[in-house]
Amino acid sequence: MTQSQSRSKNPTSWQPNVPEREGLWIFTRLRDFIDDIANTSPARLALSAFVVVIVVFTGLLSLPASSAAGTFTPLHQSLFTAVSAVCVTGLTVVSTAVHWSFFGQLIILIGIFVGGLGTLTLASLLALMVSKKLGVRGKLIAQEAMNNAGRLGEVGTLLRIVITTSVIIEGVLALALIPRFLTLGEPFWQSVWHGIFYAISSFNNAGFTPHSDGIVPYETDLWILVPLMLGVFLGSLGFPVVMVLQQNGLNWHKWNLHTKLTIQVSFILLAAGTVLWGLMEWDNPRTLGGMDLGDKFTHALFASVMTRSGGFNLVDQNQMESTTMLLTDALMFAGGGSASTAGGIKVTTIAVMFLAIIAEARGDADVKVYGRTIPEGTMRVAISVIVAGATLVSVSAFILLHISGASLDRVLFETISAFATVGLSTNLSAELPPSGVYVLSALMFAGRVGTVTLAAALALRQRSQLYHYPEERPIIG
């Protein structure tokens, strides 16, 4: 009997292979599609990866199992929470402790961890998981995301180091917090949950809290406040800086320029923020007025750390002086380090522009610092990031003013907090109608992926020119 005759007599013997082959064909096409994007347009892969993650978490948070009441959560609330978690912002339209069940809070926490890895790191991991490899451009983007912290062939190793470092730091923070919650009378498993939640939320600069009244009850408890500040500050430095510190310790001479600028500017902003915030609120009876010297210093230091992306707060933001709100706006817009869990325009952007201003004032042809010359292309990227950030904030504030009818100081505060993925709030987010919630959701997404992706894309986009026009300098200023 021939093979064809055997198949004709038993036609079902080979049918099960057809769906399997179709499934493999779909997977192969998906793998090739992602691999092609990773090699030709990594920035688009980064955006696509974040969109997919947000859609998945929005769907999970919409389920009845995610809410404490066991009902479906409206789309604008679940979407806003998913975006806020994945973009490590911390703004909320419903209470994290009251509205969400344990399953919902777990989904939020996973979203924070995934989002904290960053858009470019997430895109690189997606390409590695699906296609098992990164093309040259994909490796360049991943290397750029970590500030050239290693050689091109070590990108896969660097990605593993990023994840391992996150888990280790978050584990240490959790071990520091869990005993304190136990001593405060919380049950064992609740203490473990709260310790892990705050550890992940602080290192990823998210600002979500599992308590209905946040961390206000612990406003004088240094056992809780110090780990939170350390977690937020380390997370705001960025993975490239943390890796350099792991390799070279505190040896200043072995640090690269990025590490030097990031740490130096971060400490300058930390010190300036502490002094200015404390002075502005010193006699305010609604915030620091009735406290002793030690508590005032603790609150000022805590506020300075959190305003640059942490999002935890010990005082009502609506009760601060107008000057303090303006200072907070400036610190939030500045943000933390590049390739970090912090938002904003990044401290290295500020450093580069400040150095450029000094060089122009001195009449220097080059922008120099620590024996290095900063390329002109880097300065163009810095200008692009600042202008793009200011434009996003201005347009969004204009729209929210029209939608909400709230005062300019509250709208600007909430808008910058969303763009810089900080999470401090005047409670405007919870008061907005769905249209305003969608605007803030888009702003959080753009603030998390926009400037980072723009910087990486511009840094790798170099076109060769065969001609050069005559130079002519317009009048500036």
message: Out of the candidates Val83, Leu91, Leu75, Val93, only one should pair with Val437 under the side-chain contact (heavy atoms from CB on, under 4.5 Å) rule; please name it.
response: Val93
query: Roughly how far, to the nearest 0.5 Å, is the CG atom of Leu237 from the OG atom of Ser266?
result: 5.5 Å
statement: Output for pair (Phe419 CZ, Ser394 OG), nearest 0.5 Å, gives 10.5 Å
query: Hey, are the side chains of His299 and Thr287 touching, using non-hydrogen atoms and a 4.5 Å cut-off?
result: no
task: Decide yes or no on side chain to side chain contact (heavy atoms under 4.5 Å, CB included) for Trp100 and Thr73, but give the supporting numbers first.
output: CA-CA 9 Å; Trp100 304 108; Thr73 300; 3.7 Å; yes
query: Between Phe113 and Phe203, does a ring pair (Phe, Tyr, Trp, His ring centres under 6.0 Å) hold up when you go through it step by step?
result: CA-CA 9 Å; Phe113 180 81; Phe203 178 70; 9.1 Å; no
- request: Grab the two heavy atoms, one from Leu392 and one from Leu443, that are nearest each other, plus how far apart they are.
  value: O-CD1, 4.0 Å
message: Determine whether a donor-acceptor pair (N or O, by modelled atom type, separation under 3.5 Å) exists between the side chain of Glu281 and the backbone of Glu321.
response: yes
query: Is there a side chain to side chain contact (heavy atoms under 4.5 Å, CB included) between Val232 and Met306 once you walk through the steps?
result: CA-CA 7 Å; Val232 169; Met306 297 305 162; 3.7 Å; yes
message: Looking at Phe354, I'd like to know if its CZ atom is crowded, meaning that more than 12 non-hydrogen atoms belonging to other residues, nucleotides or ligands lie closer than 6.0 Å.
response: no
message: Is it true that Thr298 and Asp295 share a donor-acceptor pair across their side chains at a distance under 3.5 Å?
response: no
task: Specify the closest pair of heavy atoms between Ser396 and Thr415, including all atoms of both residues, with the distance to one decimal.
output: CB-CG2, 3.8 Å
Asn318 CG to Arg410 CZ distance, which is reported to the nearest 0.5 Å: 5.0 Å
query: Can a donor-acceptor pair be found between the side chains of Gln105 and Thr96 at a distance below 3.5 Å?
result: no
Closest non-hydrogen atom pair between Trp277 and Leu327, with its separation: N-CD2, 3.6 Å
field: N/O donor-acceptor pair under 3.5 Å between Arg180 side chain and Asp221 backbone
entry: no
- prompt: Are a donor atom and an acceptor atom from the side chains of Ser236 and Ser309 found within less than 3.5 Å of each other?
  reply: no
message: Looking at Lys346 and Gly344, would you say the former's side chain and the latter's main chain have a donor-acceptor pair under 3.5 Å?
response: yes
query: Would you call the rings of His76 and Tyr438 parallel, tilted or perpendicular, where under 30° means parallel and over 60° means perpendicular?
result: perpendicular
query: Between Leu270 and Thr274, what is the shortest heavy-atom contact and its length?
result: O-OG1, 2.8 Å
- prompt: With a 4.5 Å limit on heavy-atom distance, are the side chains of Glu414 and Leu400 in contact?
  reply: no
query: So, Thr349 side chain and Ile345 main chain: donor-acceptor pair closer than 3.5 Å or not?
result: yes
field: Atom pair CG/CZ of Leu424 and Arg308 - distance to nearest 0.5 Å
entry: 12.5 Å
- prompt: Any side-chain heavy-atom pair from Leu261 and Leu257 closer than 4.5 angstrom?
  reply: yes
query: Can you tell me if Ser201 uses its side chain to pair, donor with acceptor, with the backbone of Gly207 under 3.5 Å?
result: yes
field: Main-chain N/O of Ala176 paired with Trp223 side-chain donor or acceptor, under 3.5 Å
entry: yes
statement: In Trp189, Phe102, Phe181, the residue satisfying ring pair (Phe, Tyr, Trp, His ring centres under 6.0 Å) with His194 is Phe181
Rounded distance [0.5 Å steps], CD in Gln317 versus CE in Met325: 7.5 Å
message: Could you check whether His99 and Thr81, counting side-chain N and O atoms only, form a donor-acceptor pair closer than 3.5 Å?
response: no
task: Let me see the working for Phe208 and Leu109 under side chain to side chain contact (heavy atoms under 4.5 Å, CB included), right down to the final yes or no.
output: CA-CA 9 Å; Phe208 280 91; Leu109 196 62; over 6 Å; no
- request: Could you walk me through whether His211 and Tyr198 pass the ring pair (Phe, Tyr, Trp, His ring centres under 6.0 Å) test, one step at a time?
  value: CA-CA 10 Å; His211 292 105; Tyr198 278 113; 5.7 Å; yes
- prompt: Does a side-chain heavy-atom distance below 4.5 Å link Asn284 with Val315?
  reply: no
Closest approach of Ile54 to Cys87 (non-hydrogen atoms, all atoms of both residues): CD1-SG, 4.5 Å
message: Between Val241 and His258, is there a side-chain heavy-atom distance shorter than 4.5 Å?
response: yes
- request: Would you check if the side chain of Thr89 reaches a backbone N or O of Val422 as a donor-acceptor pair within less than 3.5 Å?
  value: no
Test item: Asn204 side-chain N/O and Ala206 main-chain N/O as donor-acceptor pair under 3.5 Å: no
task: Would you tell me whether Glu431 and Ser404 have side-chain atoms, one donor and one acceptor, within less than 3.5 Å of each other?
output: no
query: How close do Met444 and Thr421 get, heavy atom to heavy atom, and via which atoms?
result: O-CG2, 4.2 Å
query: Ser417 side chain to Phe413 main-chain N or O, any donor-acceptor pair under 3.5 Å?
result: no
- prompt: Does the side chain of Ile215 reach to within under 4.5 Å of the side chain of Phe302, using non-hydrogen atoms?
  reply: yes
